[in-house]
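Report on one structure; see the data block that follows.
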Amino acid sequence: MGKLLELLSLLSHPVHHCVIVGDFNSPHINWSKLSSFDKPCGKLLSFITSNGFSQHVTSPTRHNPDSMLDLVLAKSSTIWDLKVGELFSDHRLIHISLAISKSTKLEVKKVLCFKKADYKIINHFLACINWTTLFKDLNVEEMYQKLHMQNDSFVD
Ligand SMILES: *[C@@H]1O[C@H](CO)[C@@H](O)[C@H](O)[C@H]1NC(C)=O
Ligand SMILES: *[C@@H]1O[C@H](CO)[C@@H](O)[C@H](O)[C@H]1NC(C)=O
Ligand SMILES: *[C@@H]1O[C@H](CO)[C@@H](O)[C@H](O)[C@H]1NC(C)=O
């Protein structure tokens with residue numbers, strides 16, 4: 001639990017809207033009093049309070065009516081609505097609506113997966129270029145530009 005909380009603390013620190021959901025297996029917390037009855041639960045509680053999170057689940061999430069193990073932690077006003085729904089295993093479904101406007105842009109970063117590259121085709125493609133002709137009479141900068149331009153004809 002300690003290592004996990006350390007990591008979550010690191011990842012969530014610079015983020016304004018952050019929701020963490022999961023079965024934390026921490027039954028020994030009184031959520032209305034924000035007090036804990038054992039050490040691991042105390043660690044979770046202090047992670048929550050010291051990182052600006054609040055815990056949003058208020059009713060049992062298991063068939064055992066005392067059991068509230070599945071938690072939703074969020075910073076400030078991120079959660080719009082939360083309902084604990086029907087049992088789908090020994091857990092109940094938790095519906096969460098977020099109060100994040102649609103204009104909040106997700107930052108999508110495209111990363112090439114070199115492990116899955118088709119090196120046969122890449123090598124064939126590279127071998128089909130007459131580099132001597134291509135680079136004839138060019139300086140290094142121009143060669144670099146030209147090299148880069150080759151990728152356009154390579155992409156589908
Ligand atoms: C949690 O604390 C509240 C307020 O002090 C109390 O009424 C309630 O019985 C406690 N719940 C448990 C499970 O101890
Ligand atoms: C590349 O082109 C040059 C001159 O245009 C030619 O002499 C050479 O044989 C060509 N190389 C290949 C591998 O085709
Ligand atoms: C091809 O090179 C151009 C120019 O550097 C670059 O902007 C583009 O992202 C490259 N395309 C791919 C698929 O790597």
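Values in this document were obtained by computation on a predicted structure and should not be read as measured data. When a ligand or atom number is given, it counts from 1 through the structure's own listing order.
In this structure, the side chains of Ser9 and Glu6 stay at 4.5 Å or more apart for every pair of heavy atoms. Two residues are said to be in side-chain contact when any heavy atoms from C-beta on lie closer than 4.5 Å; Ile29 and Leu44 meet this criterion.
Of all atoms in ligand 1, numbered sequentially from 1 with element shown, those under 4.0 Å from a heavy atom of Asn30 are 1 (C), 2 (O), 3 (C), 8 (C), 10 (C), 11 (N), 12 (C), 14 (O). Of all atoms in ligand 1, numbered sequentially from 1 with element shown, those under 4.0 Å from a heavy atom of Ser32 are 1 (C), 2 (O), 3 (C).
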Listing, residues 78-86 side-chain donor-acceptor contacts under 3.5 Å, not counting sequence neighbours, or none:
from, atom 1, to, atom 2, distance (Å)
Thr78, OG1, His17, ND1, 3.0
Thr78, OG1, Lys75, O, 2.8
Asp81, OD2, Lys83, NZ, 2.9

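Between Asp23 and Arg62 there is a salt bridge, since at least one side-chain N of the basic residue sits less than 4.0 Å from a carboxylate O of the acidic one.
Side-chain contact annotation: Asn30 with Ser32, donor-acceptor N/O pair under 3.5 Å present.
Residues Phe125 and Trp131 share a single hydrophobic cluster, defined by chaining ILVMFWY side chains whose heavy atoms lie under 4.5 Å apart.
Gln55 places a side-chain N or O within 3.5 Å of a backbone atom of Val72 that can act as its donor or acceptor partner.
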Could you tell me, for ligand 2, which of its N or O atoms are under 3.5 Å from any protein N or O, listing the pairs and their distances rounded to 0.1 Å?
from, atom 1, to, atom 2, distance (Å)
ligand 2, 2 (O), Asn130, OD1, 3.3
ligand 2, 2 (O), Asn130, ND2, 2.2
ligand 2, 2 (O), Thr133, OG1, 2.9
ligand 2, 5 (O), Thr133, OG1, 3.4
ligand 2, 11 (N), Asn130, ND2, 3.0

